Every structure is written in C-alpha cells, then in structure tokens.
Amino acid sequence: VTSEGVVVFLEAALKARGLDPRKTPFTVKMTGGPDGDVAGNAIRIMHREFGENTRVVAIADGTGSAEDEEGLDLSELLRLVDTGSGIASFNADHLSALGRVLAVDAPGGLEARNTLHNRVVADAFVPCGGRPAAVNGNNWKRFLTSHGQGSASVVVEGANLFFTEEARDALARTAQVLFVKDSSANKCGVICSSFEIAASLLIDEAAFLGIKAEFVNEVLQR
C-alpha cells in the first residue's frame with residue numbers, strides 16, 4: 001500500500017513537470033532494492049501503470065548497484081522482485097552496452113553504490129531505502145549536475161529521512177528540484193491503518209472478517 005501511494009505521487013509530480021508517464025517514457029533512479037517491500041512493489045506498480053514507459057536507469061541497495069542509461073530490463077527486475085533478490089543478482093546479459101552491475105564487495109562496488117543517487121541523471125529519484133541524512137546540508141551540491149541542475153528534477157521520498165530539511169530547501173531553491181516529502185509520499189500505509197483502527201472500534205472481529213474483501217477494496221480506492 002505504501003508503494004501504491006508513492007507511485008500516485010510520482011505520477012502527479014512528473015505531470016507537474018510536464019511529463020505524463022502514461023504517454024511518455026520517463027527515467028527513474030532508486031535506492032532500496034527489488035527485494036525491499038517499498039522499492040520492489042514500486043517497480044511492479046510502475047510497470048502495471050505505465051508499462052514500457054517506465055525506464056529504471058539505476059538501483060542501489062545493500063548488495064550493490066546496477067545502472068543502464070537505456071533502462072534496466074523490466075522483466076529481469078520483476079524476476080528479482082518475485083524471487084526476493086538484491087540488485088547484485090541482476091543478470092548482466094540483460095544490460096545494454098552502457099550498463100553495469102557491481103556487487104558491493106567488487107572492486108569499485110562500494111563507491112558505485114554509495115554515489116549512485118548523486119551521479120546518475122534521471123527524471124525522478126525515488127529513495128526507498130538508504131541511510132538517514134544521506135543528502136544533507138554539507139553534501140547536497142553533489143546531487144547537482146555540472147550545469148547546476150538537479151540530477152533528478154523530481155524526488156518522491158519512499159523512504160524516511162534520506163534528505164535532511166536543509167538539503168531539500170537548498171536543492172529546491174538552487175535547482176528547483178520538486179520534492180514530495182516523506183511525511184506525505186510514503187504514508188498511505190499509515191492512512192490505511194487508520195481506517196482499520198476505526199473499523200476495529202466500530203465492529204467486532206467476526207463482523208469485520210465478513211466484510212473484509214469489500215472493506216479493503218474501498219480503502220484502496222479512497
């Protein structure tokens with residue numbers, strides 16, 4: 001459910017930038033691997049909603065990183081989601097000549113993983129994992145390109161606290177990066193939980209189970 005909300009916010013933010021992901025291909029970079037609940041489901045939902053317009057150009061997680069300017073093969077990413085595998089298990093046979101996969105313990109793998117969110121240029125960045133304050137008041141300029149633009153013009157925070165408030169403010173003011181803050185972007189799970197809590201206060205467990213299928217569908221629609 002968290003990922004459903006993240007993708008809704010992603011679509012709205014891209015449209016605010018004049019890019020409709022249902023009509024036009026877009027690029028996205030992510031932290032948090034295909035084996036993570038938020039990132040894995042976000043990949044699945046982007047594929048469901050936007051089809052081949054979805055071009056995931058880079059992913060970093062605890063196992064390593066993968067990047068490809070032409071887009072990481074979606075069928076291979078979905079295989080990793082289904083098997084609960086980290087990005088280092090991405091089959092390099094599915095890469096273009098511009099792509100690479102590096103395990104975190106391979107030569108250069110740690111640096112590639114740790115700098116991916118800054119280095120790779122994409123339409124959107126969706127952090128779904130990573131260390132808190134990874135982008136902060138001391139290092140936010142690393143998120144900029146050599147031309148002073150954001151390496152992503154849209155950030156939809158699937159993970160909490162990846163950017164500090166100081167970094168958000170600096171990037172928004174300096175490079176007009178559009179942020180959907182974590183306290184909004186990834187809270188659809190919390191919203192759904194609040195409906196469940198309200199239901200538990202109104203009816204007993206047996207009554208809830210009797211309407212559960214309809215209730216869940218109505219909450220998701222809302």
Side-chain angles (χ1 to χ4, degrees), residues 1-21 26-46 48-50 54 56 58-62 114 116-118 120 122-144 149-201 215-216 218-222:
V1 176
T2 298
S3 304
E4 292 278 5
V6 167
V7 175
V8 168
F9 278 114
L10 174 62
E11 180 176 4
L14 287 171
K15 285 181 175 179
R17 288 296 196 212
L19 197 164
D20 186 343
F26 69 98
T27 56
V28 58
K29 57 182 175 178
M30 305 175 73
T31 54
D35 58 339
D37 284 343
V38 179
N41 282 307
I43 293 168
R44 195 194 308 273
I45 294 163
M46 285 190 292
R48 182 194 74 200
E49 295 297 317
F50 313 131
T54 304
V56 182
I59 293 181
D61 67 11
N114 290 349
L116 177 143
H117 64 276
N118 289 324
V120 176
D123 294 314
F125 175 39
V126 182
C128 296
R131 294 186 179 91
V135 182
N136 55 57
N138 296 319
N139 64 17
W140 63 267
K141 289 183 180 179
R142 297 176 190 171
F143 194 76
L144 301 176
Q149 299 173 319
S151 57
S153 63
V154 164
V155 177
V156 181
E157 297 182 328
N160 290 325
L161 307 176
F162 192 89
F163 289 79
T164 66
E165 192 61 40
E166 184 179 359
R168 288 191 199 97
D169 183 68
L171 288 167
R173 292 177 183 274
T174 303
Q176 291 74 55
V177 176
L178 175 62
F179 281 87
V180 183
K181 196 176 181 298
D182 50 11
S183 54
S184 294
N186 64 37
K187 290 302 180 285
C188 286
V190 177
I191 293 167
C192 288
S193 294
S194 71
F195 281 107
E196 294 170 0
I197 292 167
S200 72
L201 294 172
F215 177 86
V216 169
E218 290 180 355
V219 169
L220 287 173
Q221 291 302 319
R222 187 175 179 89

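The first residue of the sequence shown is numbered 1, and numbering continues consecutively from there. Please read these numbers as outputs of a predicted model, since none were measured by experiment.
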A.B. asks: A side-chain contact here means heavy atoms from C-beta on lying under 4.5 Å apart; do V180 and V154 qualify?
C.D. replies: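 V180 vs V154: side chains apart.
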A.B. asks: Just how far is it from atom OG1 of T31 to atom CZ of R131, taken to the nearest 0.5 Å?
C.D. replies: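 It is 11.5 Å, given to the nearest 0.5 Å.
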A.B. asks: Which heavy atom of A159 sits nearest to which heavy atom of C128, and what is that distance?
C.D. replies: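 The pair with the smallest heavy-atom distance is CB-C, 3.6 Å.
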A.B. asks: Would you check if F163 and K181 make a side-chain contact, meaning some heavy-atom pair closer than 4.5 Å?
C.D. replies: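 No, side chains not in contact.
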A.B. asks: Rounded to the nearest 0.5 Å, what separates atom CZ in F162 from atom CZ in F125?
C.D. replies: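 One gets 4.0 Å once the value is rounded to the nearest 0.5 Å.
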A.B. asks: Is a donor on one side and an acceptor on the other found under 3.5 Å between the side chain of S151 and the backbone of F143?
C.D. replies: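 Yes; at least one donor-acceptor contact below 3.5 Å.
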A.B. asks: Taking atom CD of E11 and atom CD of E49, what is their separation to the nearest 0.5 Å?
C.D. replies: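 One finds 7.0 Å between CD of E11 and CD of E49.
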A.B. asks: Checking N186 side chain against T2 main chain: does a donor-acceptor pair fall under 3.5 Å?
C.D. replies: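 Not confirmed, N186 side chain does not pair with T2 backbone.
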A.B. asks: Does atom CG of D37 have more than 12 heavy-atom neighbours from other groups under 6.0 Å away?
C.D. replies: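 Result for CG/D37: open.
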A.B. asks: Please check this pair: side chain of K29 against backbone of A58, looking for a donor-acceptor N/O pair closer than 3.5 Å.
C.D. replies: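 Not confirmed, K29 side chain does not pair with A58 backbone.
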A.B. asks: Can you see which heavy atom on D182 is nearest to which on L161, and at what distance?
C.D. replies: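 In this case the closest contact between D182 and L161 is OD2-N, 2.9 Å.
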A.B. asks: Less than 4.5 Å apart, any side-chain heavy atom of P127 and any of V155?
C.D. replies: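 Contact flag for P127/V155 side chains = yes.
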A.B. asks: When rounded to the nearest 0.5 angstrom, what distance separates CD1 in I45 from CG in L10?
C.D. replies: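 Here the interatomic distance stands at 11.0 Å.
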A.B. asks: On a heavy-atom basis, which atom in D61 and which in G32 lie closest, and how many Å separate them?
C.D. replies: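 So the minimum-distance heavy-atom pair works out to CB-C, 3.9 Å.
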A.B. asks: I'd like to know whether T164 forms a side chain to side chain contact (heavy atoms under 4.5 Å, CB included) with W140, so could you lay out the CA-CA distance, the side-chain angles of the two residues, the decisive distance to 0.1 Å, and finally the verdict.
C.D. replies: CA-CA 9 Å; T164 66; W140 63 267; over 6 Å; no
A.B. asks: With rounding to the nearest 0.5 Å, note down the distance linking CD in E157 to NZ in K187.
C.D. replies: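 Between E157 CD and K187 NZ, I get 9.5 Å after rounding to 0.5 Å.
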A.B. asks: Just by modelled atom types, is the T27 backbone N or O under 3.5 Å from a matching donor or acceptor in the D123 side chain?
C.D. replies: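 A pair under 3.5 Å: yes.
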A.B. asks: Going by heavy atoms in the side chains, are I43 and M30 under 4.5 Å from each other?
C.D. replies: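 Answer yes - side chains close enough.
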A.B. asks: Can a donor-acceptor pair be found, under 3.5 Å and without considering hydrogens, that links the side chain of N139 to the backbone of N136?
C.D. replies: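 Side chain of N139 to backbone of N136, a donor-acceptor pair under 3.5 Å: yes, one is there.
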A.B. asks: Does a sphere of radius 6.0 Å around CZ in R173 hold more than 12 heavy atoms from other residues, nucleotides or ligands, not counting ones at 6.0 Å or beyond?
C.D. replies: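 Count not over threshold, so no.
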A.B. asks: In the structure I gave you, are the side-chain heavy atoms of V7 and F50 within less than 4.5 Å of one another anywhere?
C.D. replies: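 Side chain of V7 against side chain of F50, heavy atoms only: contact under 4.5 Å found.
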A.B. asks: Shortest non-hydrogen contact from L19 to F26?
C.D. replies: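 For L19 and F26, the tightest heavy-atom pair comes out as CD2-CB, 3.7 Å.
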A.B. asks: Quick check: closest heavy atoms across C192 and V219, and the distance to 0.1 Å?
C.D. replies: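 Taking C192 first and V219 second, the nearest heavy atoms are SG-CG1, 3.4 Å.
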A.B. asks: Show the nearest heavy-atom pair for residues A175 and L144, with the distance to one decimal.
C.D. replies: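 Looking at all heavy atoms of both residues, the shortest contact is CB-CD2, 3.7 Å.
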A.B. asks: So do M46 and V126 actually touch side chain to side chain, heavy atoms under 4.5 Å?
C.D. replies: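 Result no, sub-4.5 Å side-chain heavy-atom pair not found.
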A.B. asks: Ion pair present between E218 and R222, side-chain N to carboxylate O less than 4.0 angstrom?
C.D. replies: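 No, E218 and R222 are not salt-bridged.
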A.B. asks: At what distance, to the nearest 0.5 angstrom, does OG1 of T174 lie from CG of D169?
C.D. replies: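 Atom-to-atom, T174:OG1 and D169:CG are 8.5 Å apart.
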